[in-house]
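Let me begin by presenting the structure, written as structure tokens, before commenting on it.
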Amino acid sequence: MSGPLTGIRVVDLSTMLMAPYATQILGDMGADVIKVEPAAGDLARTWVPERDGVGVVFAALNRNKRGITANVWHPGGREMVERLIANADAVIENFSAGAFERMGFGYEHLKELNP
């Protein structure tokens, strides 16, 4: 897809409604959005109503994205997410306050990975 954000890479660690919607719009505008989900998948995948086993809310908020699963608590999963962040133009997350830092992805660490 092309658009004004073509060439911009976004790592999407978001869940629920507004942040996935925001990253979807970035994808609609041409950004390369990589959605990172836990192994069980984004919780919205299970919300009803469902179609073909996928919650329609999830489907409605995640077009124009590539997706991977990663366990950030496992060294291999963490390393994969760090590599994505190192090559990204933006990181979007909407965890509760302080949760991203507790995962080890605070601002200072992200700045080390990608100044």
Side-chain angles (χ1 to χ4, degrees):
M1 171 169 262
S2 63
L5 297 181
T6 298
I8 300 296
R9 176 166 290 159
V10 178
V11 176
D12 177 2
L13 292 148
S14 67
T15 187
M16 298 303 167
L17 299 171
M18 296 316 294
Y21 178 66
T23 55
Q24 175 180 276
I25 298 299
L26 296 174
D28 290 348
M29 296 178 70
D32 177 21
V33 180
I34 303 168
K35 180 156 179 81
V36 180
E37 298 179 57
D42 186 320
L43 184 60
R45 284 182 179 273
T46 63
W47 291 357
V48 292
E50 292 182 355
R51 180 169 180 131
D52 299 325
V54 177
V56 295
V57 171
F58 178 85
L61 296 175
N62 287 287
R63 70 173 174 257
N64 291 326
K65 299 178 187 182
R66 296 188 291 152
I68 64 166
T69 61
N71 178 352
V72 298
W73 302 108
H74 183 276
R78 180 181 185 76
E79 180 183 335
M80 182 173 53
V81 171
E82 287 177 339
R83 281 195 316 258
L84 287 171
I85 290 170
N87 293 297
D89 297 293
V91 176
I92 307 281
E93 59 88 11
N94 65 335
F95 298 107
S96 60
F100 206 44
E101 289 78 14
R102 286 190 299 277
M103 294 170 146
F105 290 102
Y107 175 76
E108 292 302 321
H109 183 61
L110 294 184
K111 190 168 77 170
E112 290 173 9
L113 295 173
N114 186 336

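- Distance CG/D89 to CG/D32: 9.5 Å, rounded to 0.5 Å.
- Annotation: side chain of D12 is in contact with side chain of K65 (closest heavy-atom distance under 4.5 Å).
- A donor-acceptor pair under 3.5 Å is formed between the side chain of R78 and the backbone N or O of G104.
- R9 has its side chain within reach of N87: a pair of non-hydrogen atoms, C-beta onward, lies under 4.5 Å apart.
- To the nearest 0.5 angstrom, E93 atom CD is 9.0 Å from L110 atom CG.
- Atom CD of E37 and atom OG of S14 lie 9.5 Å apart (nearest 0.5 Å).
- No hydrogens or angles considered: a donor-acceptor pair under 3.5 Å links the side chains of D42 and T15.
- How far CG of N62 is from NZ of K35: 4.5 Å, rounded to the nearest 0.5 Å.
- L43 and I68 are members of different hydrophobic clusters when ILVMFWY side chains are connected at heavy-atom separations under 4.5 Å.
- For the residue pair A60 and Q24, the shortest heavy atom distance occurs at O-OE1, 2.7 Å.
- Contact annotation: the side chain of L26 never approaches that of I8 to less than 4.5 Å [non-hydrogen atoms, C-beta and beyond].
- Scanning for side chain to side chain donor-acceptor pair (under 3.5 Å) contacts around H109 gives E82, with sequence neighbours left out.
- No continuous path of hydrophobic side-chain contacts links V56 to W47 [ILVMFWY only; heavy atoms under 4.5 Å].
- Distance check, rounded to the nearest 0.5 Å: CG of L61 to OG1 of T23 gives 8.5 Å.
- Under a hydrophobic clustering in which Ile, Leu, Val, Met, Phe, Trp and Tyr are joined whenever their side-chain heavy atoms come within less than 4.5 Å, directly or via other members, L5 and V10 fall into the same cluster.
- Considering only residues two or more places apart in sequence or on other chains, F95 meets the ring-ring contact (aromatic ring centres under 6.0 Å, His included) condition with F100.
- Between the side chain of N114 and the backbone N or O of I85 there is at least one donor-acceptor pair closer than 3.5 Å.
- Apart from V54 itself, the hydrophobic cluster it occupies contains F58, where clustering links Ile, Leu, Val, Met, Phe, Trp and Tyr at side-chain heavy-atom distances under 4.5 Å.
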